[in-house]
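Worksheet: the structure to be examined is printed underneath.
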Amino acid sequence: MHEPLDSTFYDRDPVAVARELLGKTIVRTMGEDLTTGRIVEVEAYLKHGDSASHAYCGRRRRNASMFGPPGHAYVYAIHARFCLNVVTEPEDVPSAVLIRAVEPLSGLELMEKRRSTDRKLNLTRGPARLCEAFAVDRSLDGWNLTIGEQLWLTNGGIPAPKQIAISVRIGVTSAKDLRLRFFINDSRYISR
DNA sequence: CTACCGATTGACT
DNA sequence: GTCAATCGGTAGA
């Protein structure tokens, strides 16, 4: 159980990966601690023509993971918080999928402690909120998500979502017209 | 070292 | 809906 998705899943166009990521399970272990969640909202960031991508201006120290192998994490800091991406396409091709929201499945008590709130809807709704709930920070930047340790994604036996909605991405200040946000239409755990 | 910025969030009207 | 607090990362002096 909780078999990690392998690199062939990630080594594809980020739009395809983004759509198929919906309904998948994110797993985080820290010693005995376990948290899992169902992915309900993602955004794709493209290798070409996407001025909102952190890789748009080329390789930097911060975005180096986006140029790394598929199936690794890209964790960046923004507004004093962290956000988690999965890297797609082959090494040196900078594309990724941002995980924006998940539905908590297990380890709720841990998430409440890490988030300092017991309001279920605020635990994992939003890219930085879910990182806090899952204890994801820059130490996991570049982490290999295919080895099934500490942090990975799995099919988790959860059925694929029936209704997928598409919209423009949230918060970006350029490439505003690109509809690269994918979410499960009827989930209550969507970010605003 | 200082100066700025942001793929956000929480508080507030 | 609006707004600004927050701080890691980066660029530049």
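Letters A, B, ... are given to chains in the order of the sequence lines, protein chains preceding strands, and every chain is numbered from 1. Keep in mind it's a predicted model, so treat the numbers as computed, not measured.
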Selection from dT9(B), dA11(C), dA7(B) that lies nearest to any side-chain heavy atom of Tyr74(A)
dA7(B)
Taking Asn85(A) for its side chain and Tyr74(A) for its backbone only, find out whether a donor-acceptor pair lies under 3.5 Å.
yes
Base, sugar-phosphate or nothing for Ser191(A)? Non-hydrogen atoms, less than 4.0 Å.
nothing
Centroid distance under 5.5 Å and plane angle under 30°, Tyr76(A) vs dA7(B)
no
Find which nucleotide of DNA chain C each of Arg81(A) and Arg60(A) is nearest to by heavy atoms, and output the residue with the more 5' nucleotide.
Arg81(A)
Any ion pair linking Asp50(A) and Arg169(A) (charged N to carboxylate O, less than 4.0 Å)?
yes
Side-chain N or O of Arg61(A) less than 4.0 angstrom from OP1 or OP2 on dG8(C)?
no
When both hydrogen-bonding distances must be under 3.5 Å and the geometry is Watson-Crick or G-U wobble, what is dG12(C) paired with, if anything?
dC1(B)
Judged by each residue's nearest nucleotide on DNA chain C, which is more toward the 5′ side, His79(A) or Arg138(A)?
His79(A)
Pick the nucleotide of DNA chain B nearest each of Ser53(A) and Asn122(A); which residue has the one closer to the 5' end?
Ser53(A)
Any donor and acceptor pair, going by atom type alone, linking the side chain of Trp152(A) with main-chain N or O of His2(A) inside 3.5 Å?
yes
Remember a base hit wins even if backbone is also touched, and classify Phe82(A) as base, sugar-phosphate or nothing at under 4.0 Å, heavy atoms.
nothing
Within-4.5 Å side-chain heavy-atom neighbours: Glu43(A) and Leu180(A):
no
Arg192(A) has its side chain closest, among dT9(B), dA7(B), dT6(C), to dT9(B)
Counting side-chain heavy atoms from CB outward, which of dT6(C), dA7(B), dT9(B) is closest to Asn85(A)?
dA7(B)
Ala77(A), nearest nucleotide to its side chain (from dG8(C), dT9(B), dG6(B))
dG8(C)
Per Ala128(A) side chain, nearest of listed nucleotides dT8(B), dC7(C), dA7(B)
dT8(B)
